[in-house]
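Since the structure comes first, as structure tokens, the remarks are kept for the end.
We use all heavy atoms of the structure for the numbers below, so side chains are in, but hydrogens, waters and symmetry mates are not.
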Amino acid sequence: MPRMSKVELYAAIRRDHRGGMSMRELERTHGVTWRTVRKALDSAWPEPRKKLPPRATGLDRYKPVIDEILRADLDAPRKQRHTVTRIFHRLVEEHGADVSYGMVRYYVAGRKPEILVESGKAPLEAFVPQTHQPGHEAEVDFGDVTVRLAGELVTCYLFSFRLSYSGKAVHRPVDRTTGVSYVAVW
């Protein structure tokens, strides 16, 4: 039997309980403890998993050294800046670090942009969500489009209209010569 998710398990326990099963029967049937049965009956949704605190790594002692190297590189000419490989070799040779190259690379990749922002040499990333009221904004555009109609090339005007709130769009090609509008589905 495939293993079910916790939400499905909670739903099955509640369904069986409504069917008249006792707590012990629910425990045996679903292979869970009485605490799990109690939680399932108290709430339809399982409580979220606890976030574990970050574990200490062998690199923690050397993070200030790496930060200092990266800060010193801010003023160095481009060709003289430290690569991740050079930082790794300096840690091993000068400080006797017992860390892997991957750990150093991962830390430097995340820390370098932070140091640039702290020093003011890079802009802080900002996200401004766009909010549009229904029916308040739309985008309209016109253009020429060439289509093959009944075997011959016809140049048409293309009217394009897009509502900002829903993202729905309408496109209407109009024949230049006859003024006939064609319903287009794109």
Nearest-0.5 Å distance that lies between atom [atom1] in [X] and atom [atom2] in [Y]:
| X | Y | atom1 | atom2 | answer |
| --- | --- | --- | --- | --- |
| His171 | Asp141 | NE2 | CG | 10.5 Å |
| Ser164 | Glu139 | OG | CD | 4.5 Å |
| Arg105 | Ser100 | CZ | OG | 8.5 Å |
| Met4 | His30 | CE | NE2 | 7.0 Å |
| Met23 | Glu27 | CE | CD | 6.5 Å |

Side chain to side chain, [X] and [Y], heavy atoms closer than 4.5 Å:
| X | Y | answer |
| --- | --- | --- |
| Val147 | Leu153 | no |
| Thr57 | Arg55 | no |
| Cys156 | Val174 | no |

Who are the salt bridge (charged side-chain N to carboxylate O under 4.0 Å, His left out) partners of [X], not counting sequence neighbours?
| X | answer |
| --- | --- |
| Glu137 | none |
| Lys63 | Asp60 |
| Arg28 | none |

Inset, instruction - Verify the ring-centre separation between Phe142 and Phe159: is it less than 6.0 angstrom? - result: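 Between Phe142 and Phe159, which both carry aromatic rings, the centre distance is below 6.0 Å.
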Are there over 12 heavy-atom neighbours, none belonging to [X], within less than 6.0 Å of that residue's [atom1]?
| X | atom1 | result |
| --- | --- | --- |
| Arg61 | CZ | no |
| Asp98 | CG | no |
| Glu47 | CD | no |

Between [X] (side chain only) and [Y] (backbone N and O only), is there a donor and an acceptor less than 3.5 Å apart?
| X | Y | answer |
| --- | --- | --- |
| Arg14 | Tyr10 | yes |
| Glu25 | Ser22 | yes |
| Asp73 | His82 | yes |

Inset, instruction - Write down the atom of Pro46, the atom of Lys6, and the distance for their closest heavy-atom approach. - result: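 So the two residues come closest at CB-CD, 3.7 Å.
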Inset, instruction - State plainly whether the residues Arg111 and Glu114 are in salt-bridge range, i.e. N to O under 4.0 Å. - result: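 So Arg111 pairs with Glu114 through a salt bridge.
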Legend entry - Note: Lys121-Asp75 ion pair, threshold 4.0 Å (strictly below):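 The answer is yes: the pair qualifies as a salt bridge.
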Legend entry - Hydrophobic cluster membership, Phe161 vs Leu158, 4.5 Å side-chain cutoff: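 No; Leu158 is not reachable from Phe161 via cluster members.
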Linking directly or through intermediates, with side-chain heavy atoms under 4.5 Å: list the remaining ILVMFWY members grouped with [X], chain and number order.
| X | result |
| --- | --- |
| Ile66 | Leu59, Tyr62, Val65, Ile69, Leu70, Leu74, Val84, Ile87, Phe88, Leu91, Val92, Val99, Tyr101, Met103, Val104, Tyr107, Val108, Ile115, Leu116 |
| Trp45 | Val7 |
| Tyr106 | none |

Inset, instruction - Test His132 against Gln130 for side chain to side chain contact (heavy atoms under 4.5 Å, CB included), laying out the working first. - result: CA-CA 7 Å; His132 302 284; Gln130 291 187 7; 3.2 Å; yes
Inset, instruction - Given side chain to side chain contact (heavy atoms under 4.5 Å, CB included), test Glu118 with Arg71 step by step and report yes or no. - result: CA-CA 10 Å; Glu118 289 169 7; Arg71 283 191 188 95; 3.6 Å; yes
